[in-house]
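Here is the structure we will look at, set down as structure tokens.
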Amino acid sequence: MKIDSDTKLYCLIGNPISKSLSPLIHNSIFEYNSINAKYLAFNIDNSAALEKVVHGLRALKVKGFNVTMPYKIEIMRYLDEIDEKAKILGAINTVLNIDGKLIGFNTDGDGFIKSLKDKEIDIKGKKALLVGAGGAAHSIAVSLAYEGIKEIIIVNRNIQNAHKLQKLIKSIYPNVHVRCYKLEQEEDIPKDIELLVNTTPIGMYPNIEDIPISPSRFNSRTLFYDIIYKPLNTKFILEAGELGYETINGIDMLINQAIYSQEIWNKELFDEKTDWLYIKDKIISQIEK
Ligand code: NAP
């Protein structure tokens, strides 16, 4: 590991960050592309500390950083400019520093869509069901609507939160059909779904026996996607797989959103010479170890 006076610093700020995979992903990207940079994770105690940290990162001329829970919204008040998509979502996960001017972006939705495109899955004119209506669901729903999905069904524990997301989607994409159901109304939820995405933490470590919705009530046309990546394959994904259905786990989205952060920070990496599939496979094999 070479560190010298030219080494650039990138980082993640959030709380907690101890289980974050972002340092592994970004340091691997730097390593495979021979970039003299390091990516660290900083646990930020509270909002007062956040303000000081952002001033510090600006003063240190850190070229870029990621922001995770619980500061994805709060960070906006310290930025000079916010990208249009991030403005719609009202949340930031990537910050670029251009000569002291901090610009905020959100790459979560793009990361999700890329994982479908990489598998040549076209969602135009299709029907999706999202379980959950939180931050990740917002990014995914807006990106699906942008990509031409026909209908989005939102299933959530708190129906008011589902309606808020419905209102947001309809305000930007009035032609997309959006319906909402309470999670506990399982018997009423439509079954003819082409893309089913779990965006809740249900099934995440340590509650690995939990399942957001039973895959057996859907059909073989349904693609099952769980954005959880700890464990790599949740009970939801394993059950769908046992039924012979197509599945995608959350690691693809996680790595893709990091690649999009890199695209914002280091545009020069994005020529046809960079073998992103090879880099992704290498990162996944390290995570599986
Ligand atoms: P969030 O904003 O807190 O939203 C959580 C959502 O899950 C809400 O809709 C909430 O419902 C629902 N929920 C939470 N606990 C629940 C429970 N016990 N039973 C039923 N519903 C429950 O969180 P987020 O940022 O969207 O993240 C959600 C998950 O996605 C996390 O597991 C996170 O690790 C994962 N994630 C993955 C990626 C990736 O790149 N793969 C990116 C972002 C997030 P209510 O509205 O009723 O509270």
Side-chain angles (χ1 to χ4, degrees), residues 12 14-26 66-75 86 89-94 105-116 118 129-144 152-169 178 180-186 189 196-214 224-237 247-262 280 283-284 287:
L12 169 70
N15 186 353
I17 43 83
S18 62
K19 297 269 185 294
S20 172
L21 293 173
S22 292
L24 186 151
I25 295 171
H26 286 285
N66 289 126
V67 186
T68 189
M69 302 287 284
Y71 301 122
K72 282 185 162 184
I73 298 169
E74 208 179 332
I75 188 75
L89 296 171
I92 302 291
N93 75 340
T94 303
F105 299 83
N106 192 313
T107 64
D108 281 339
D110 290 343
F112 175 83
I113 295 295
K114 183 171 162 47
S115 63
L116 298 177
D118 284 349
L129 186 154
L130 303 186
V131 187
H138 274 61
S139 307
I140 291 170
V142 170
S143 301
L144 285 172
I152 299 177
I153 293 161
I154 306 164
V155 176
N156 199 43
R157 177 177 62 180
N158 177 332
I159 196 75
Q160 271 115 359
N161 289 344
H163 284 137
K164 273 189 212 153
L165 178 54
Q166 177 183 38
K167 209 168 146 195
L168 174 77
I169 301 166
V178 187
C180 300
Y181 294 87
K182 260 181 95 77
L183 187 54
E184 64 206 30
Q185 291 177 300
E186 189 163 331
I189 296 167
L196 197 168
V197 192
N198 174 38
T199 74
T200 74
I202 303 172
M204 188 167 79
Y205 182 82
N207 303 313
I208 59 170
E209 287 306 317
D210 295 349
I211 194 154
I213 196 163
S214 174
F224 292 81
Y225 197 132
D226 198 332
I227 69 165
I228 291 173
Y229 48 85
K230 241 181 182 44
L232 219 44
N233 290 305
T234 56
K235 189 168 180 188
F236 173 67
I237 287 294
T247 62
I248 304 182
N249 66 35
I251 205 68
D252 248 31
M253 175 179 171
L254 184 76
I255 299 178
N256 288 336
Q257 58 82 26
I259 291 175
Y260 280 120
S261 293
Q262 288 285 347
K280 262 169 87 166
I283 294 170
I284 292 170
I287 290 167

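Whatever order the structure lists them in is the order used to number ligands and atoms, beginning at 1.
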Examine distances only and state if a side-chain atom of Thr94 and a backbone atom of Asn106 form a donor-acceptor pair shorter than 3.5 Å. no
Could you grab the distance from atom [atom1] of [X] to atom [atom2] of [Y], nearest 0.5 Å is fine?
X: Ile159; Y: Lys164; atom1: CD1; atom2: NZ; value: 12.5 Å
X: Tyr260; Y: Asn93; atom1: OH; atom2: CG; value: 12.5 Å
X: Leu254; Y: Tyr229; atom1: CG; atom2: OH; value: 5.0 Å

Taking [atom] as the reference point, the nearest protein heavy atom with its distance:
atom: atom 29 (C) of ligand 1; result: Thr199 O, 3.5 Å
atom: atom 26 (O) of ligand 1; result: Ala136 N, 2.8 Å
atom: atom 16 (C) of ligand 1; result: Arg157 NH1, 3.3 Å
atom: atom 6 (C) of ligand 1; result: Gly134 N, 4.1 Å
atom: atom 33 (C) of ligand 1; result: Met204 SD, 4.7 Å
atom: atom 5 (C) of ligand 1; result: Pro201 CD, 4.2 Å
atom: atom 42 (C) of ligand 1; result: Met253 CE, 3.8 Å
atom: atom 30 (O) of ligand 1; result: Ile227 CD1, 3.1 Å

Contact check, Ala133 vs ligand 1, heavy-atom distance below 4.0 Å: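 Distance cut 4.0 Å: Ala133 passes for ligand 1.
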With no hydrogens and no angle check, do the side chains of Asp226 and Thr234 hold a donor and an acceptor under 3.5 Å apart?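 Side-chain D/A pair, Asp226 to Thr234: present.
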Any protein heavy atom nearer than 4.0 Å to atom 23 (O) of ligand 1: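 Within 4.0 Å of atom 23 (O) of ligand 1, no protein heavy atoms are found.
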Part of [X] within contact of ligand 1 (heavy atoms, under 4.0 Å):
X: Asn156; value: side chain
X: Thr200; value: both
X: Ile251; value: neither

Which class fits the ring pair Phe224 and Phe236: parallel under 30°, tilted 30 to 60°, perpendicular over 60°?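 Plane angle over 60°, so perpendicular.
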Are any of the N/O atoms in Gly250 less than 3.5 Å from those in ligand 1? yes
Over 12 foreign heavy atoms within 6.0 Å of CD1, Ile73: no
